[in-house]
Amino acid sequence: MTQPTPLMPHATASWLVDNTALSFEQIAEFCGLHILEVNAMADDLASSKYTGRDPVRSGELTMPEIEKGQADPSYSLVMQKAPAQVSRTKGPRYTPVSKRQDKPDGIAWILKNHPEISDAQIGKLIGTTRNTISAIRDRSHWNISNIQPKDPVTLGLCSQRELDGIVAKAAKKAGLQDLAGDDARLGDDRVALIEELRAEREAHVKAAGEAAQEAEAAAWLEAKRAAEAAGEEPAQS
């Protein structure tokens, strides 16, 4: 079975490059990286991006294990203690700094298009507070003049599946749809929508035809007037 990689592979690789005589192949294998990444660190092309993390101090390696590897370049390092898997089950969603300025736009979009979603659900989906949601809803937010409703999926604040799941739960709770027996009604609505779109398209075609006829008649009349003004007989159509 393949052993787990260090908790911070790049930072660990950077430390091993700087503090040991292990081969690039050994470091790359232990950290689960491509050898070219390790090579770049050794050439100072990438190591400046990472603060080295000591795997001995974290318990992932021991000095005797490192010494074994240094003595035998073909030796594969064995992890002493797998890193603990960190998972977030409570608290607000983490959002990258570059996306945080988009949160108000995403919140405004949900409030506008899905008022059935509760503040708690919005907070969990977007990773925000109820105070912020309330301020945007009652337009007392300090930056309300610059907030434009935008789809949070498009903004990268959540996935389409997450949004759809929240919308479905909120709608079911609010009694807006019966997920168990609405297939017939949805089918009728779909047919009605298709008919409406077809009628709208036909109306547009008819209007376009009439506009073209009017334009042709106007052009003919203009040509006739111009010919009369010039003392010529207009061409018959």
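Note that this is a predicted model, so its numbers are computed, not measured. All heavy atoms count here, side chains included; hydrogens, waters and symmetry mates do not.
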For residues I107 and W142: do they belong to one hydrophobic cluster (side chain heavy atoms under 4.5 Å, members Ile, Leu, Val, Met, Phe, Trp, Tyr)?
no

Does R130 offer a backbone N or O that forms a donor-acceptor pair with the side chain of S134 under 3.5 Å?
yes

Could you walk me through whether K150 and D102 pass the side-chain contact (heavy atoms from CB on, under 4.5 Å) test, one step at a time?
CA-CA 9 Å; K150 296 178 183 177; D102 296 329; 6.0 Å; no

Look only at the side chain of E65 and the backbone of V78, and say whether a donor-acceptor pair between them is shorter than 3.5 Å.
yes

Quick one: does any side-chain atom of E60 pair with a main-chain N or O of T5 as donor and acceptor, under 3.5 Å?
no

May I have the step-by-step check of side-chain contact (heavy atoms from CB on, under 4.5 Å) for L61 and M79, ending in yes or no?
CA-CA 6 Å; L61 274 179; M79 181 171 290; 5.8 Å; no

Heavy-atom closest pair (P73 atom, S23 atom, distance to 0.1 Å) is O-OG, 4.0 Å

Are the side chains of I122 and L125 in touch, meaning some heavy atoms are under 4.5 Å apart?
no

For A21, does its backbone N or O pair with a side-chain atom of Q70 as donor and acceptor, under 3.5 Å?
yes

Note: E116-K169 ion pair, threshold 4.0 Å (strictly below):
no

Please report the closest heavy-atom contact between T12 and C31, naming both atoms and the distance.
CG2-SG, 4.0 Å

Please check this pair: side chain of K112 against backbone of P149, looking for a donor-acceptor N/O pair closer than 3.5 Å.
no

side-chain contact (heavy atoms from CB on, under 4.5 Å) between L7 and S58, intermediate numbers included:
CA-CA 9 Å; L7 183 62; S58 67; over 6 Å; no

Non-neighbouring partners of R225 that pass salt bridge (charged side-chain N to carboxylate O under 4.0 Å, His left out), sequence neighbours left out:
none

Taking C-beta and beyond as the side chain, do F24 and M41 meet within less than 4.5 Å on heavy atoms?
no

Listing request: all ring pair (Phe, Tyr, Trp, His ring centres under 6.0 Å) pairs with a residue in residues 101-124, at least two apart in sequence or in separate chains.
W109-H114

Taking the side chain as every heavy atom from C-beta outward, state whether V153 and S159 have any atom pair closer than 4.5 Å.
no

Which value, rounded to the nearest 0.5 Å, describes the distance between K103 atom NZ and Q101 atom CD?
12.0 Å

Minimum heavy-atom separation for L77 and G69, please, with both atom names.
CD2-CA, 4.2 Å

Decide whether S76 and E29 meet the rule of one side-chain donor and one side-chain acceptor closer than 3.5 Å.
yes

Go through L111 and I133 one step at a time and tell me if the side-chain contact (heavy atoms from CB on, under 4.5 Å) criterion holds.
CA-CA 9 Å; L111 292 175; I133 298 170; 4.2 Å; yes

In Å and rounded to the nearest 0.5 Å, what is the CE to NZ distance from M63 to K68?
13.5 Å

Using modelled atom types only, decide if a donor and an acceptor are shared between the side chain of T20 and the backbone of L16 within a distance under 3.5 Å.
yes

Are T129 and N131 close enough that a side-chain donor and a side-chain acceptor fall under 3.5 Å?
no

Taking Q148's backbone N and O only, do any of them form a donor-acceptor pair with D105's side chain (distance below 3.5 Å, no angle check)?
yes

What one should report as the nearest heavy-atom pair of I117 and V167 is CD1-CG2, 3.9 Å

Quick check for you: to the nearest 0.5 Å, what is the distance between L33 atom CG and S14 atom OG?
11.0 Å

When rounded to the nearest 0.5 angstrom, what is the spacing between CD1 in I35 and CD in Q26?
10.5 Å

To the nearest 0.5 angstrom, please state how far the CG atom of L22 sits from the CD1 atom of I66.
6.5 Å

Matching residue for I126 among T132, L157, L163, L155 - test: side chain to side chain contact (heavy atoms under 4.5 Å, CB included):
L157

Could you tell me whether the side chain of N19 and the main chain of W15 form a donor-acceptor pair under 3.5 Å?
yes

